[in-house]
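Atoms within a ligand are numbered from 1 in the order they appear, just like the ligands themselves.
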Amino acid sequence: MKTAIGIDIGGTKIAIGVVQEDGKVLATNEFPTRVEYGPDYATDLIVSCVEEFMQQFPTVTGIGIGAPGPLDSKQGKVLNPPNLKSWHGYPLARRIGSAFRVPVKMLNDADAATFGEYFFTFRDTYKHVLYVTVSTGVGGGIIINSSLYEGALSGAGEIGHSVVQREGPVCGCGKQGCLEALASGTALNRIWKERMAAVGKPVDPNWNSKDLFAHFDKNDPIAQSVVEEASTHLALGLSQVIQALNPELLILGGGVIIGQPSFYEMVYEKLPSYLLDQHSQLLTIEKARHGTLAGVMGAAAIILSKDEDIGGKQNGI
Ligand SMILES: [Zn+2]
């Protein structure tokens with residue numbers, strides 16, 4: 001069976017896996033990115049790990065990479081992602097490709113995860129799909145006519161930076177009131193702590209969004225108001241994209257969605273009220289299936305699919 005290597009590059013860790021065409025993950029490995037050591041350090045570790053996997057699994061036909069955006073997928077180059085400061089302008093795909101005789105292709109990490117969910121689970125049933133992940137940030141990707149839509153410079157699907165509250169909190173991108181600054185796990189945690197501190201309640205600096213949901217489940221009114229408002233903002237942000245694209249399927253993923261069923265339910269229930277009937281009637285909503293392996297599986301799917309499925313313009317490097 002056709003097999004590919006998927007490499008998921010993150011600001012704190014890099015995960016690599018061998019994935020079969022049927023979605024079975026045959027092997028995985030991961031190590032810290034160590035951004036402070038620069039990209040050559042990490043790339044050397046990637047190359048030696050891939051070498052081992054290629055010897056172990058001779059059926060591997062290519063190497064897919066999902067890396068933080070912004071990036072240029074056609075050049076296989078990292079541009080200027082804030083969490084990979086020492087990597088700016090690094091020709092990652094070419095550098096990895098020079099060590100092997102198989103095709104190497106690269107997408108931004110959210111697009112890779114989108115494509116992986118689509119390719120392994122939903123491609124036989126749907127043609128128009130929106131994928132949105134809510135974890136430390138909010139990201140997304142778009143499938144149109146069964147092909148990944150990347151936009152002009154691999155930047156389509158950045159739903160996290162849709163402004164849903166004028167003069168809202170400042171986002172990491174510099175704008176105010178982005179969805180990511182209001183409904184990501186990081187934002188939920190920050191807003192909760194601010195509101196607790198504002199009314200003089202004790203705040204543990206080690207609390208994270210899981211603690212927020214633990215308070216929410218105990219009917220704490222501050223936690224409830226934070227989750228309630230964030231679910232409204234997320235539903236609002238999703239509705240804008242759904243109205244522009246009219247997808248048949250919305251896939252929701254990421255730790256906050258998958259780990260917190262009550263948050264998912266609130267978004268699920270609110271969303272139709274922000275949509276035209278013609279958009280909500282045909283829309284199916286599903287949870288993402290790949291969990292923490294979404295990045296690796298998505299990166300491998302770039303290789304396992306036909307070129308047309310990722311826009312037909314993805315070049316081997
Ligand atoms: Zn933003």
Side-chain angles (χ1 to χ4, degrees), residues 8-12 33 35 66-73 78-89 107-114 130-142 148-195 208-209 212 226-245 247 250-257 260 263-264 266-267 270-271 274 288 294-295 298:
D8 179 23
I9 313 267
T12 50
T33 311
V35 176
L71 57 75
D72 183 338
S73 67
V78 175
L79 295 177
N80 52 345
N83 58 351
L84 287 179
K85 283 221 162 26
S86 60
W87 293 47
H88 290 185
L107 288 176
N108 87 42
D109 46 11
D111 279 349
T114 301
L130 172 65
Y131 167 87
V132 175
T133 172
V134 183
S135 54
T136 51
V138 177
I142 298 162
L148 181 75
Y149 176 73
E150 286 192 79
L153 190 60
S154 322
E158 286 280 13
I159 180 179
H161 301 288
S162 298
V163 173
V164 291
Q165 189 184 68
R166 230 178 114 219
E167 295 171 5
V170 177
C171 180
C173 74
K175 297 192 295 171
Q176 273 181 276
C178 289
L179 196 50
E180 184 159 295
L182 287 158
S184 63
T186 315
L188 279 157
N189 188 31
R190 188 199 68 242
I191 295 167
W192 176 49
K193 286 179 178 168
E194 283 169 1
R195 292 208 186 153
N208 59 30
S209 58
L212 160 66
V226 171
V227 174
E228 170 70 31
E229 284 168 35
S231 63
T232 301
H233 286 128
L234 184 56
L236 263 174
L238 290 170
S239 73
Q240 294 169 9
V241 187
I242 290 166
Q243 261 146 191
L245 298 177
L250 167 65
I251 307 171
L252 291 173
V256 179
I257 291 287
Q260 307 300 338
F263 188 62
Y264 172 81
M266 287 165 94
V267 175
K270 285 176 184 180
L271 187 55
Y274 296 121

Answer yes or no: is there a donor N or O on one side and an acceptor on the other, between the side chain of Ser231 and the main chain of Val227, under 3.5 Å?
yes

Main chain of Pro82, side chain of Lys85: is a donor-acceptor contact present, judged purely on distance under 3.5 Å?
yes

Neighbouring protein N, O or S atoms of the Zn ion (ligand 1) [cut-off: under 2.8 Å, no waters]:
His161 ND1, Cys171 SG, Cys173 SG, Cys178 SG

Can you tell me if Tyr274 has over 12 outside heavy atoms packed within less than 6.0 Å of its OH?
yes

Check whether any side-chain heavy atom of Glu228 lies under 4.5 Å from a side-chain heavy atom of Lys270, and answer yes or no.
yes

Where Val138 and Glu180 come nearest, the two heavy atoms and their spacing:
N-OE1, 2.9 Å

Which heavy atom of Thr114 sits nearest a heavy atom of Gly140, and at what distance?
OG1-C, 4.0 Å

